[in-house]
Amino acid sequence: MTTHTSSSSLNNNNGTRTPPNTSTTNGTRPNNKNNTPDNNNAGIIVANRAADEETEDGRIRNREASTKIRDAWIYKQIRARQDEFTQYKQGRVFIGTWNVNAKGKDESLASWLCADWHKHGPPDVVVVGFQEMVDLNAVNVAVENKSQARSAFWVERIRSTLNSRQNTLGDPMRTYTELAVKYLVGLLVCVFVKAPHKPRVKYVHTDSVGVGVAGFMGNKGGVSIRLQFYDSTLCFVCTHLAAHRENVAGRNADFANVFNKTSFEIGAEAVQEVIRLGSMSQWAMGTNSVGASDHDLIFWFGDLNYRVDESIPTERVLELSKANMLEELIEHDQLNLERAQGRVFQEFEEGPLAFQPTYKYQPGTDLYEERPDKKLRAPAWCDRILWLAQEPGHVAQLNYTRSEINISDHKPVMSTFLVTIKDVILADREGVYREVMKMLDTYENNSLPMVSLDRINLDFGEVRYDQRVTLPIVITNTGQVVAQFRLVPKVDETKLCKPWLTVSPTYGMLIPGEQTEVELTITIDNFTAHKLNTSRQVLEDILILRLENGRDYYISVTGKYARSCFGMSVDELVLYTDPIREVPLDPILRAEKYDLNARAAMCVPKELWRIIDAIYERGLDERDLFTAVGEPDEVYQIRECLDTGAVFEGYSVHSFAEVLTKFLSHLSSPIVPVSLFPTLDIDAQNIQSFTRKFLEDMLPVPYNVFIYIISFFREVLLHRQRNRLSPAKVARILCNCLVSSPQGNTEESASSSNQRRGNMQQIMLHFLETNSI
């Protein structure tokens with residue numbers, strides 16, 4: 001392991017005091033800083049255990065909140081000055097991942113684990129992950145009766161490969177020591193470190209998260225190991241995500257679940273040391289545990305199962321993969337597309353895919369699986385390695401490639417990284433710590449805190465559907481002492497604010513004269529729109545900002561919802577011929593303007609007719625119709641035209657197609673509710689009778705909409721030679737737009753959900769291909 005200077009390494013006492021920039025241009029990092037795997041919480045309640053205390057003079061204090069906020073401020077100051085007490089050194093980390101398909105005996109692993117030693121030298125840390133080390137059958141998933149034995153087998157294979165005579169040359173200092181192993185059914189992750197570095201490793205902890213059957217079984221999920229290496233914190237996560245080409249949302253959800261649920265109970269001492277090292281990406285909230293994001297470096301790898309988008313036919317994917325013509329495939333790689341949209345692996349980086357897809361091969365060969373007795377699958381880069389660094393310049397990927405070991409239907413993937421590691425000089429760190437504490441004590445020993453808010457009444461004006469509007473409040477410490485503030489719930493409430501409002505940050509600490517911004521954001525999603533449309537919610541709220549050892553400030557938040565057809569029901573939309581923006585939200589004003597007991601003014605909502613008419617006008621021959629995405633700005637403008645009655649401009653047909661699918665999928669009540677789901681398997685004998693009953697049981701307006709939509713897509717399919725749609729693809733689109741998902745987490749719904757949706761897809765396909773209507 002080397003430092004950024006030519007004369008120093010982790011094996012001696014030299015190092016650089018300026019952090020080296022090891023970044024290269026080979027990693028991709030989508031610009032989505034505001035996206036996180038879990039952005040559903042309005043904010044963090046800092047003190048959730050201890051109650052507030054009120055003094056005799058009316059002042060309010062919470063000792064738990066005060067301690068936590070104080071520690072967070074100290075961490076912030078220490079982190080800002082970490083270069084004063086830190087040497088920066090460089091080392092190599094090897095990451096390998098392989099779905100072994102329950103195979104593996106005595107094959108050599110050297111071409112995978114040691115392939116680039118001659119070029120980059122032996123790595124300092126070796127991390128290897130496996131998927132499907134056992135068959136993922138019901139018995140193995142339930143009792144893990146073979147996992148321990150297979151885990152021990154693979155760990156020994158890795159150890160013997162790394163410590164072979166050829167690699168060590170009989171020198172004990174060239175050997176590798178096992179640090180930790182964690183397995184979960186078919187998943188395994190293990191970490192080895194070079195012998196000289198073993199004394200500088202501590203706080204090693206493991207965790208596992210199952211997200212498979214019933215949402216928690218271990219056939220899918222993640223296993224992870226975290227550790228402190230010298231004075232940097234590293235986290236390694238090996239995952240196996242949801243399968244099947246079309247199940248992109250399932251993979252995204254699995255990633256978010258593993259990311260958010262991974263937790264390491266490292267103890268109070270370790271947490272305090274991490275804070276004093278300036279190594280946490282997030283404050284640990286006063287607990288003894290840290291999450292995946294609370295590390296300097298995270299490496300995420302495994303069979304992530306992302307495929308090539310379905311817009312490219314399987315035969316075409318095979319042809320390009322075998323010819324090693326990868327550009328078109330990379331452009332349509334699902335993981336690249338999802339990351340670009342900020343829906344998964346937010347802020348993670350990945351090197352370029354310069355190797356052929358690693359799945360699916362005929363085991364024992366270097367041929368993609370095309371045997372006639374096997375299901376034809378499109379090759380894909382299922383097996384991936386990504387990373388996330390607090391300091392992006394502290395990681396450089398030296399290589400990213402695959403091995404040609406051919407016993408499995410997957411090829412192994414590996415990558416070597418040059419990473420910057422911190423080595424703290426304890427005496428210097430304690431000096432900085434004493435200076436920070438001395439400065440803090442100077443202010444804390446004075447009198448009461450005082451702050452000013454630049455405004456306490458926030459009027460957001462008109463807020464539209466699917467829109468985020470943010471307004472700031474500037475808080476300034478106008479007193480002579482440190483001021484700690486936090487948002488607290490109202491009396492008899494547990495949340496800081498209404499669900500449509502988010503606040504960041506929810507707490508803070510200011511020294512005299514210092515100021516900070518608190519951002520308040522209103523977001524109108526489908527749930528909130530439905531509440532507003534039914535007069536069960538208004539855009540009004542009061543927030544309480546509490547000054548520790550001081551007074552409370554009350555912040556008024558108001559806004560006006562610009563009504564949209566999105567988030568409404570078709571039964572209500574057919575009542576109005578006026579643009580929906582002109583229909584009052586207040587039920588009394590609405591009753592004065594319209595006869596709500598009158599018959600529906602239209603058979604289907606006018607908004608639906610306008611969208612479909614626009615698609616007709618712009619042509620049904622458009623290539624990739626309903627599969628290509630529209631322009632975001634056009635989608636927004638089209639929705640505004642629908643809500644206000646304005647004339648459409650020259651927007652693209654793809655934008656109209658996206659608006660149509662979003663309009664249908666965002667209705668407050670689905671066209672096809674759960675009550676219409678088939679209770680039996682659909683086959684050729686019963687599908688005719690079931691589809692007849694299906695139509696008979698539909699309510700009048702949803703029936704009209706359903707018939708209208710089916711008729712439209714029948715017309716679309718007449719142009720399939722040019723627009724490249726197929727009945728099966730349209731059936732899947734209809735299921736996503738018109739059909740509600742079964743609610744609840746019961747074992748029955750979890751096990752049968754996919755089957756029931758499959759039955760509904762057969763029904764949609766039947767309506768599209770027959771004259772049943």
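Here the closest non-hydrogen pair linking Ala195 and Pro172 is CB-O, 3.6 Å. For the residue pair Thr161 and Cys114, the shortest heavy atom distance occurs at CG2-SG, 4.0 Å. Heavy atoms only, all atoms of each residue included: Val271 and Val290 are closest at CG2-CG1, 4.4 Å. Of all heavy-atom pairs between Trp98 and Lys411, the closest is CD1-C, 4.0 Å. Between His332 and Ser311, the shortest heavy-atom distance links the atoms CD2-OG, 3.5 Å. Minimum interatomic distance between Pro379 and Val317 (heavy atoms only, all atoms of both residues): O-CG1, 3.3 Å.
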* Asked: Could you walk me through whether Glu246 and Arg307 pass the salt bridge (charged side-chain N to carboxylate O under 4.0 Å, His left out) check?
  -> CA-CA 8 Å; Glu246 71 280 1; Arg307 314 299 175 89; over 6 Å; no
* Given side chain to side chain donor-acceptor pair (under 3.5 Å), test Asn163 with Thr175 step by step and report yes or no. => CA-CA 5 Å; Asn163 294 332; Thr175 62; 4.8 Å; no
* Evaluate the side-chain contact (heavy atoms from CB on, under 4.5 Å) criterion for residues Thr206 and Val223: first the C-alpha distance (whole Å), next the side-chain angles of each, then the deciding distance (0.1 Å), finally the verdict. => CA-CA 8 Å; Thr206 66; Val223 287; over 6 Å; no
* To do: Could you give me the CA-CA distance, side-chain angles and deciding distance for Glu370 and Arg377, then say whether salt bridge (charged side-chain N to carboxylate O under 4.0 Å, His left out) is met?
  => CA-CA 8 Å; Glu370 296 182 83; Arg377 297 185 185 274; over 6 Å; no
* Going through the distances and angles, do Tyr183 and Ser208 end up as a side-chain contact (heavy atoms from CB on, under 4.5 Å)? -> CA-CA 8 Å; Tyr183 66 83; Ser208 64; over 6 Å; no
* To do: Before giving the answer on ring pair (Phe, Tyr, Trp, His ring centres under 6.0 Å), spell out for Phe299 and Phe417 the whole-Å C-alpha distance, their side-chain angles and the decisive distance to 0.1 Å.
  => CA-CA 10 Å; Phe299 293 94; Phe417 297 88; 4.9 Å; yes
* Could you please spell out the steps behind the salt bridge (charged side-chain N to carboxylate O under 4.0 Å, His left out) verdict for Asp231 and Arg200? => CA-CA 8 Å; Asp231 294 304; Arg200 296 301 306 271; 3.6 Å; yes
* Asked: Hey, mind stepping through Thr97 and Gln131 against side chain to side chain donor-acceptor pair (under 3.5 Å) and telling me if it holds?
  -> CA-CA 8 Å; Thr97 179; Gln131 306 83 47; 3.0 Å; yes
* Would you sort out whether Arg732 and Glu310 count as a salt bridge (charged side-chain N to carboxylate O under 4.0 Å, His left out), showing the intermediate values? => CA-CA 12 Å; Arg732 187 161 56 248; Glu310 292 177 287; 3.3 Å; yes
* To do: Could you go through the ring pair (Phe, Tyr, Trp, His ring centres under 6.0 Å) check for His410 and Tyr361 one step at a time?
  => CA-CA 6 Å; His410 289 250; Tyr361 282 86; 9.1 Å; no
* To do: Please step through side chain to side chain donor-acceptor pair (under 3.5 Å) for the pair Asp207 and Ser224, ending with a clear verdict.
  => CA-CA 5 Å; Asp207 191 27; Ser224 49; 4.8 Å; no
* Asked: Do Trp300 and Phe345 pass the ring pair (Phe, Tyr, Trp, His ring centres under 6.0 Å) test, and can you show the C-alpha distance, the side-chain angles, and the key distance before you say yes or no?
  -> CA-CA 9 Å; Trp300 195 295; Phe345 284 99; 5.7 Å; yes
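Not counting sequence neighbours, the partners of Glu178 by the salt bridge (charged side-chain N to carboxylate O under 4.0 Å, His left out) test are Arg159. Asp171 is linked by a side-chain contact (heavy atoms from CB on, under 4.5 Å) to Met173, Arg174, counting only residues two or more places apart in sequence or in another chain. Residues meeting the salt bridge (charged side-chain N to carboxylate O under 4.0 Å, His left out) test with Arg165, sequence neighbours left out: none.
Enclosure of atom CD in Glu327 is not indicated, since only 12 or fewer non-hydrogen atoms of other residues, nucleotides or ligands lie within 6.0 angstrom.
Remark: Leu109 CG to Ser164 OG distance equals 11.0 Å, nearest 0.5 Å. Note that the CG atom of Asn736 and the CE atom of Met760 stand 12.0 Å from one another [nearest 0.5 Å]. Interatomic distance, Leu318 CG to Leu376 CG, rounded to the nearest 0.5 Å: 5.5 Å.
Residues Asp383 and Leu304 are not in side-chain contact: their nearest non-hydrogen atoms beyond the backbone lie 4.5 Å or more apart. Counting heavy atoms from C-beta outward, Arg226 and Ile266 have side chains that approach closer than 4.5 Å. Residues Lys89 and Thr420 fail the side-chain proximity criterion, which asks for heavy atoms closer than 4.5 Å. Proximity of Leu326 to Leu320: side-chain heavy atoms (C-beta onward) are nowhere separated by under 4.5 Å. Put simply, the side chain of Val201 reaches to within 4.5 Å of the side chain of Leu179, judged on heavy atoms. Side chains of Trp387 and Gln397 form a contact here, defined as non-hydrogen atoms less than 4.5 Å apart. In this structure, Val211 and Val258 have side chains that are in contact, with non-hydrogen atoms separated by less than 4.5 Å. For the pair Tyr359/Asp409, a side-chain contact is recorded, criterion being any heavy-atom separation below 4.5 Å from C-beta on.
Remark: the backbone N or O of Leu241 is not paired with any side-chain donor or acceptor of Thr239 at under 3.5 angstrom. Side chain of Asp124 to main chain of Arg92: a donor-acceptor pair is present (N/O by atom type, distance under 3.5 Å, no hydrogens or angles). One N or O on the side chain of Gln334 and one on the backbone of Arg245 form a donor-acceptor pair closer than 3.5 Å. Remark: side-chain polar atoms of Asp254 are paired, donor with acceptor, to backbone N or O of Ala242 under 3.5 angstrom. Ser415 places a side-chain N or O within 3.5 Å of a backbone atom of Asn399 that can act as its donor or acceptor partner. Judged by distance alone, with hydrogens and angles left aside, the side-chain atoms of His295 form a donor-acceptor pair with the main-chain N or O of Ala292 at under 3.5 Å. Using a distance-only test at 3.5 Å, with no hydrogens or angles considered, no donor-acceptor pair links the side chain of Thr262 to the main chain of Phe259. Proximity of a side-chain donor or acceptor of Asn336 to a complementary backbone N or O of Asp333 within less than 3.5 Å is not detected. Between the side chain of Glu338 and the backbone N or O of Arg343, no donor-acceptor pair lies under 3.5 Å. Judged by distance alone, with hydrogens and angles left aside, the side-chain atoms of Arg150 form no donor-acceptor pair with the main-chain N or O of Val185 at under 3.5 Å.
Under a cutoff of 6.0 Å and an axis angle of 45°, Arg251 and Tyr306 form a cation-pi pair.
Aromatic ring centroids of Phe301 and Phe236 lie 6.0 Å or more apart.
With hydrogens and angles left out, the side-chain atoms of His394 and Tyr88 include no donor and acceptor closer than 3.5 Å. For the residue pair Ser408/Glu132, the side-chain donor-acceptor check at 3.5 Å is not satisfied.
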